[in-house]
Amino acid sequence: MEDSIEQMRKQKEFTLISISQLPYSSSYATSSSSVVARFSVDSGSGELRFHQESESSDGIHFDLRTAQLFKLGPIESICIAEGSEISKEEEKSYSRGVVIQFRMKEESVAFHCAFEHWKKEAFVQGGRLVNETVLGSKGKFEDKIEASSAKMYFHYYGQLLHQQNMLQDFVRTGSKSKLTVLPENILHCLASGTYYAAIIENCADFSGKVVVDVGAGSGILSLFAAQAGAKHVYAVEASDMVDYARRLIAGNPVLGQRITIIKGKVEEVELPEKADILISEPMGTYVFLASQSQSQWVIDSGVSAHITGESTLFSSLDKSVPSSSMALADGSSSSVEGHGTLLVNERMLESYVIARDRFLVRNGKMFPSIGRAAVGCIWRPSAMNTYLLKLQVRFDPNTLEIIVLDHPKGLKSVPYTASWIPFAATSIALKSINGIVDSLATEKNALGYLWISGTIVSRVSPLVPVVDAFDPRLLVAPAIFHIIEFNSIKEEELYEIEIPLKFTASVGTRVHGLACWFDVWFNGSTVQRWLTTAPGAPTTHWYQLRCVLSQPLYVMAGQEITGRLHMVAHNAQSYTVHLTMSAKMWGPGAVQGGILQTSSCTLDLKEPYYRMSQPQPYADQQPHQQMPSQDVGFQTEDAVEFDVTQQPLQNSGGPLNQ
Ligand SMILES: C[S@@+](CC[C@H](N)C(=O)[O-])C[C@H]1O[C@@H](n2cnc3c(N)ncnc32)[C@H](O)[C@@H]1O
């Protein structure tokens, strides 16, 4: 019985009045015997075969991956495919075809639907994709990315914890309230955020369209697209997260039947059809290993998930998911990992562009379609180098040693086995951290564990980028935008990025470096939206990034600061950053174009310093508010056709947030 069901799953038959082979050499049907059309796929390939019921011969075959079907009339269609013939001299390609006569209009409609369905099956289960894993040749990705880096990268994204951290980001896709485990162990996530809003508010762009989700992760954006009415969504994901995505899709049968999950790299997979629209979230979330958990979500296994209205239920996830948490804009908590350094870290934008060239129809849409990396000069490094340290330690009264049991991510570079020497009941000196202990408090709990919390003023090496959220009032001059148009940029143009810098200081101060963040633009035909990670806007899991110069510059109000941010992609999926900033001569006696002072630094974006354990620096953050106007404005480096330089006026949360 099971065998016959399996057999039915693998093939489907239609009875036709007749078919005529092209060129019109012979009609294939007689009045006494009709023609059977059979769709089938097996591990080798997918085919459409026409044969006469009474005939024993093989009939006429079409490879479904190359075949095309067109309507000639209500009950007449034509199926064509390329055929080839090898003669002594050369291989020649000809088109072959059959004209099909159906018995009635409804059969013609059903046949066309079946053709689309089996064509997709042929790609997904056929020769090119076995078990939904690509058997593609070594692709462009492997040529430019070190294998060990790629392995770690996809391992990272294969973990539920990291996908959840992104899902939870309130501004991005996140929950209106924080992700919660309901009593029945269902992880409930109210879909909202900019991605949800941008897709759902622009149903006109998705309705009846073929969509490719580039780097689908958990499949969340695919579900949004299907909910917006997409005809079909191909969700391409290279990590093991596809297993969860499949379960999530299976738990949403109504939407899921229009989603095909494909495991593989977008550089390598083959898709059965071109996409009208690409969706993706390629804005580099940095990869590093999660540290100790502070909270646990226990998520039930095997329970289905579904989208209803504006809410999403995720519950097909089956792990205990550790997470350290940090308050986000809406008062919920989020993991503290990830940063969107200058938009391009992780080098996934290149994959987005490759997917565009491989899958998108001419003039197809991209969601998002524009990104802009923002850079602004910043003062007050002490703010950069101070962090709140909260450690859980165990105190051994015999050896007078304090052993670190847990530490915040901000201290990931500190050796775990750091030895601590207590010198007073209420404070400790920390030998291995280059810093001074400030106001520590200790407390012994019932188990004899010593809790120590306090502030450590640490001298962070200026040679690492610092990731955290900062107060926009630290900006010394309007920010500059480097605009990247995803629809037109060439992949190679992302290998080396040069941003000329030119600021005019609004105050007399020291300039300690460059602050960086990014925005992306959803150019929907109904509603256009920004997703912003700017300082002062509600904090996202990307935070902001600061590059600190080796020496500060001293500037007066009105003085010009020039320089260059030069970023060179490397094969560990990140960039080496060369920053040079100069204070121009200024005031009476200044030589035209003369430079007073220059400072520079070279950093690896892959190795930032996370300064995450401190409270939000900008107290005004409210998700529903207008974005706070910054006391410095914005200037643009490039001009584009429409005004992408305008400040996103409103937090771009989803409709649920408004
Ligand atoms: C930032 S996550 C976004 C996931 C999901 N789209 C979302 O918005 O929650 C990027 C995802 O793209 C996947 N990815 C990155 N590069 C890829 C590539 N070249 N081909 C396929 N998937 C890729 C990663 O494994 C990761 O799951």
Side-chain angles (χ1 to χ4, degrees), residues 132-134 136 138-145 149-169 171-175 179 189 191-196 198-199 211-225 233-245 248-249 259 261-271 278-287 312 314 317 337-341 343-359 367-368 371 491 494 518 520 522 531 533 540-542 573-574:
E132 299 187 19
T133 302
V134 180
K138 192 171 168 263
K140 198 159 192 185
F141 190 93
E142 275 80 3
D143 292 340
K144 63 182 186 185
I145 303 297
S149 171
K151 192 174 170 195
M152 265 185 69
Y153 176 78
F154 290 118
H155 175 73
Y156 171 93
Y157 276 123
Q159 291 172 43
L160 207 49
L161 163 67
H162 303 300
Q163 298 285 342
Q164 247 180 217
N165 289 331
M166 294 183 289
L167 291 174
Q168 208 184 349
D169 183 324
V171 176
R172 195 193 83 114
T173 40
S175 51
L179 289 176
C189 161
S192 62
T194 313
Y195 268 88
Y196 185 72
I199 293 171
V211 180
V212 172
D213 183 351
V214 179
S218 63
I220 185 71
L221 304 185
S222 300
L223 283 166
F224 292 170
V233 186
Y234 296 96
V236 184
E237 169 60 42
S239 78
D240 287 345
M241 190 44 52
V242 286
D243 297 336
Y244 290 104
L248 194 61
I249 301 310
I259 300 172
I261 309 261
I262 295 167
K263 183 168 187 190
K265 298 192 187 78
V266 291
E267 288 81 357
E268 294 163 12
V269 299
E270 298 293 341
L271 299 181
L278 295 190
I279 49 173
S280 188
E281 194 274 80
M283 296 89 75
T285 307
Y286 189 71
V287 179
T312 309
F314 291 96
L317 318 172
E337 50 201 87
H339 67 266
T341 38
L343 191 64
V344 291
N345 184 43
E346 216 178 279
R347 299 188 64 183
M348 193 184 157
L349 270 186
E350 293 164 38
S351 300
Y352 192 33
V353 167
I354 290 172
R356 175 201 69 197
D357 295 342
R358 299 195 65 215
F359 307 134
F367 260 53
E491 184 221 345
L494 293 164
F518 71 87
V520 291
F522 297 90
L531 189 164
T533 66
T540 69
H541 79 294
W542 286 287
Q573 288 165 285
S574 193

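Ligands are counted one by one from 1 in listed order, and the atoms in each one are counted from 1 as well.
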Proximity winner for [atom], if only heavy atoms of [options] are counted:
atom: atom 7 (C) of ligand 1; options: Gln163, Arg172, Glu281; value: Arg172
atom: atom 14 (N) of ligand 1; options: Phe154, Tyr157, Phe224; value: Phe154
atom: atom 2 (S) of ligand 1; options: Glu350, Met166, His155, Lys140; value: Met166
atom: atom 12 (O) of ligand 1; options: Gly215, Ala150, Gly158; value: Gly215
atom: atom 13 (C) of ligand 1; options: Met241, Glu237, Arg347; value: Glu237

Which of the numbered atoms in ligand 1 are below 4.0 angstrom from a heavy atom of [X]?
X: Ile220; value: 7 (C), 9 (O)
X: Tyr153; value: 15 (C), 16 (N)
X: Gly217; value: 4 (C), 27 (O)
X: Gly264; value: 20 (N), 21 (C)
X: Lys265; value: 20 (N), 21 (C)

| For Ser149, which residues count as a side-chain hydrogen bond (donor to acceptor under 3.5 Å, both in side chains) partner, sequence neighbours excluded? | Gln573, Lys606

| Which residues pass the salt bridge (Lys or Arg N to Asp or Glu O under 4.0 Å) test with Arg356, sequence neighbours left out? | none

| Glu268 near ligand 1, heavy-atom distance under 4.0 Å? | no

Report the distance from atom [atom1] of [X] to atom [atom2] of [Y], rounding to the nearest 0.5 Å.
X: Asp169; Y: Leu531; atom1: CG; atom2: CG; value: 7.5 Å
X: Arg172; Y: Thr533; atom1: CZ; atom2: OG1; value: 13.0 Å
X: Glu281; Y: Leu221; atom1: CD; atom2: CG; value: 7.5 Å

| task | With heavy atoms under 4.0 Å as the rule, classify the contact between Ala216 and ligand 1 as side chain, backbone, both or neither. | result |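 Near ligand 1, Ala216 shows its backbone, while the atoms from C-beta on stay back.
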
| query | Hey, are Lys140 and Glu491 close enough for a salt bridge, meaning a charged N less than 4.0 Å from a carboxylate O? | reply | yes

| Can Tyr153 and Glu346 be counted as having a side-chain donor-acceptor contact under 3.5 angstrom? | yes

Nitrogen or oxygen of [X] less than 3.5 angstrom from that of ligand 1:
X: Ala238; value: yes
X: Ser351; value: yes
X: Thr173; value: no

| request: Using the six-membered ring wherever Trp is involved, compare the ring planes of Tyr195 and Phe522 and label them parallel, tilted or perpendicular (cut-offs 30° and 60°). | output: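 Because their plane-to-plane angle is over 60°, the rings of Tyr195 and Phe522 count as perpendicular.
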
| message | Using side-chain heavy atoms (C-beta onward) and a distance below 4.5 Å, is Asp240 in contact with His155? | response |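 When only atoms from C-beta onward are counted, His155 and Asp240 do not touch, as no gap falls below 4.5 Å.
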
| message | Using the rule given for side chain to side chain contact (heavy atoms under 4.5 Å, CB included), can you reason through Val211 versus Phe224, listing the C-alpha separation, both sets of side-chain angles and the distance that settles it, and then say yes or no? | response | CA-CA 11 Å; Val211 180; Phe224 292 170; over 6 Å; no

